[in-house]
Amino acid sequence: MTNAPRSRRVVVLASGTGSTLRAVIEAARDEAFGVRIVGVVTDKDGVGALAIAREAGIPTAVVRLADFESRALWDEAVARTVATFDPDLVLLAGFMRLLGEPSLARFGGRILNTHPALLPAYPGARGVRDALAGGAKVTGCTVILVDAGVDTGPIVAQATVEVLDDDTESTLHARIKEVERGLVTRTLGRMAREGWTVTGRTVRFGTAALTPDTPPPAPQEQS
Ligand code: GAR
């Protein structure tokens with residue numbers, strides 16, 4: 001018998017190489033981490049994230065935009081697919097599309113995204129390139145709770161990375177990703193184990209009473 005809290009069910013959405021997904025899968029091998037990755041959803045075939053999930057024996061689904069007549073139908077399909085895994089938390093780990101209203105309606109307040117810049121600076125799909133072009137001396141990564149905007153949700157955690165004079169987008173992104181893997185993993189684990197509260201735009205770990213038998217840590221809005 002163990003006193004570890006019940007593991008939270010996490011679905012990961014990814015579009016890329018999946019190095020963030022791999023870090024989370026590895027952390028979740030320890031039951032005390034408090035996370036069970038119950039599904040991985042991608043928007044593309046043949047991406048690294050799919051191979052990593054399959055190798056780990058995690059159920060996968062691919063929801064391709066091109067298979068749907070409209071973006072709205074794709075948005076619906078993504079939400080429906082994620083829902084089949086019955087997640088407590090949803091993690092966007094390099095998912096390069098905006099989540100639509102159907103996903104926000106079902107999972108809003110418990111969707112995490114990781115972004116390779118220090119938000120609110122350099123939001124969008126080119127956070128690393130834009131930080132370099134903007135002459136930033138320090139950048140980093142940010143974990144946010146997803147809202148309807150582009151990288152505008154409340155900040156949960158951040159870490160910094162120095163920009164070097166000879167950095168290219170690829171060298172800088174590689175260093176950010178090293179830091180980001182740890183940040184995402186630590187943040188997801190804490191949210192799963194401790195819950196969180198959102199007061200205005202401030203996110204804090206911990207809920208009033210989170211015991212092994214409490215339901216998933218739904219965020220508590222405080223005004
Ligand atoms: C990460 O750096 C993540 O922040 C970024 O994609 C990378 C995924 O790497 N996401 C975004 O830019 C979203 N706007 P991975 O596929 O190796 O995990």
Side-chain angles (χ1 to χ4, degrees), residues 2 4-68 74-75 77-99 103 106-107 110-116 125 127-128 141-144 146 156-157 159 161 169-193 216-217:
T2 165
R6 164 174 98 64
S7 285
R8 307 301 172 182
R9 299 172 63 85
V10 175
V11 169
V12 180
L13 277 67
S15 307
T17 61
S19 69
T20 317
L21 169 67
R22 189 192 291 284
V24 171
I25 290 174
E26 274 163 20
R29 292 192 200 286
D30 180 354
E31 203 188 322
F33 186 61
V35 164
R36 189 148 72 88
I37 312 293
V38 291
V40 170
V41 179
T42 72
D43 59 334
K44 289 182 194 158
D45 293 301
V47 292
L50 266 185
I52 289 168
R54 287 179 182 145
E55 190 187 298
I58 296 168
T60 59
V62 182
V63 189
R64 301 170 207 82
L65 183 54
D67 290 345
F68 295 85
W74 179 82
D75 284 338
V78 170
R80 233 181 10 252
T81 304
V82 172
T84 61
F85 296 111
D86 190 23
D88 297 319
L89 280 159
V90 177
L91 171 65
L92 310 186
F95 191 62
M96 298 310 284
R97 294 188 191 278
L98 286 184
L99 271 195
S103 289
R106 286 191 207 206
F107 314 112
R110 51 198 175 104
I111 307 171
L112 284 178
N113 185 25
T114 178
H115 180 75
V128 180
C141 43
T142 305
V143 177
I144 58 170
V146 172
V156 184
V161 172
E169 182 179 0
S170 119
T171 59
L172 180 56
H173 199 177
R175 285 206 316 290
I176 290 172
K177 281 170 69 166
E178 270 175 41
V179 173
E180 193 176 17
R181 290 191 278 271
L183 184 77
V184 171
T185 303
R186 284 193 304 278
T187 304
L188 179 69
R190 288 197 67 183
M191 291 181 83
R193 293 188 303 273

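Hydrogens, waters and symmetry mates are skipped; everything else that's a heavy atom, side chains included, is used.
In this structure, I52 and G18 approach most closely via the heavy-atom pair CD1-O, 3.4 Å. The heavy-atom pair separating E31 from S7 by the smallest distance is O-OG, 4.1 Å. Scanning all heavy atoms of the two residues, the minimum distance from L21 to A49 falls at CD2-O, 3.3 Å. Residues V38 and F85 come closest through the heavy atom pair O-CD2, 3.4 Å. When all heavy atoms of F95 and L13 are compared, the pair lying nearest together is CB-O, 3.6 Å.
In terms of modelled atom types and a separation under 3.5 Å, the side chain of R8 and the main chain of A192 share a donor-acceptor contact. Looking at S15, its side chain does come within 3.5 Å of a backbone N or O of M96 through a donor-acceptor pair. Checking side-chain atoms of R193 against main-chain N and O of F33 turns up a donor-acceptor pair under 3.5 Å.
For the atom pair SG of C141 and CD of E178, the computed distance is 11.0 Å after rounding to the nearest 0.5 Å. One distance of note links OG1 of T142 with CG of L183; it measures 8.0 Å at 0.5 Å rounding. Here the OG1-CD distance, from T185 to E180, works out to 10.0 Å after rounding to the nearest 0.5 Å. Distance CD1/I37 to CG/L91: 7.5 Å, rounded to 0.5 Å. Here the CG atom belonging to L112 is positioned 4.5 Å from the CE atom belonging to M191, to the nearest 0.5 angstrom. With rounding to the nearest 0.5 Å, the separation of CZ in R97 from CG in D43 is 5.0 Å.
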Check step by step if side-chain contact (heavy atoms from CB on, under 4.5 Å) holds for V63 and V41.
CA-CA 7 Å; V63 189; V41 179; 4.0 Å; yes
Intermediate values then yes/no, side-chain contact (heavy atoms from CB on, under 4.5 Å), I144 and H115:
CA-CA 8 Å; I144 58 170; H115 180 75; 5.9 Å; no
Run the numbers on V47 and T17 for side-chain contact (heavy atoms from CB on, under 4.5 Å), then give the verdict.
CA-CA 6 Å; V47 292; T17 61; over 6 Å; no
Kindly determine whether V24 and V184 satisfy side-chain contact (heavy atoms from CB on, under 4.5 Å), including the steps that lead there.
CA-CA 8 Å; V24 171; V184 171; 4.2 Å; yes
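For the pair R175 and V179, the minimum side-chain heavy-atom distance is 4.5 Å or more. Two residues are said to be in side-chain contact when any heavy atoms from C-beta on lie closer than 4.5 Å; P116 and K177 fail this criterion. Residues L89 and R9 form no side-chain contact, since every pair of their non-hydrogen atoms from C-beta on lies 4.5 Å or further apart. Looking only at side-chain heavy atoms (C-beta outward), T114 and L92 stay at 4.5 Å or farther from each other. Side-chain contact between T42 and T60 is absent, with no heavy atoms from C-beta onward closer than 4.5 Å.
Inspection of the S19 and R181 side chains reveals an N or O donor paired with an N or O acceptor under 3.5 Å.
A 6.0 Å sphere centred on CZ of R36 holds no more than 12 heavy atoms belonging to other residues, nucleotides or ligands.
Remark: R64 is not positioned above the aromatic ring of W74, lacking an NZ or CZ atom under 6.0 angstrom from the ring centre and at most 45 degrees off the axis.
The one candidate from I58, V35, V12 that meets the side chain to side chain contact (heavy atoms under 4.5 Å, CB included) condition with I25 is I58.
In this structure, R6 pairs ionically with D88, as a charged nitrogen and a carboxylate oxygen lie closer than 4.0 Å.
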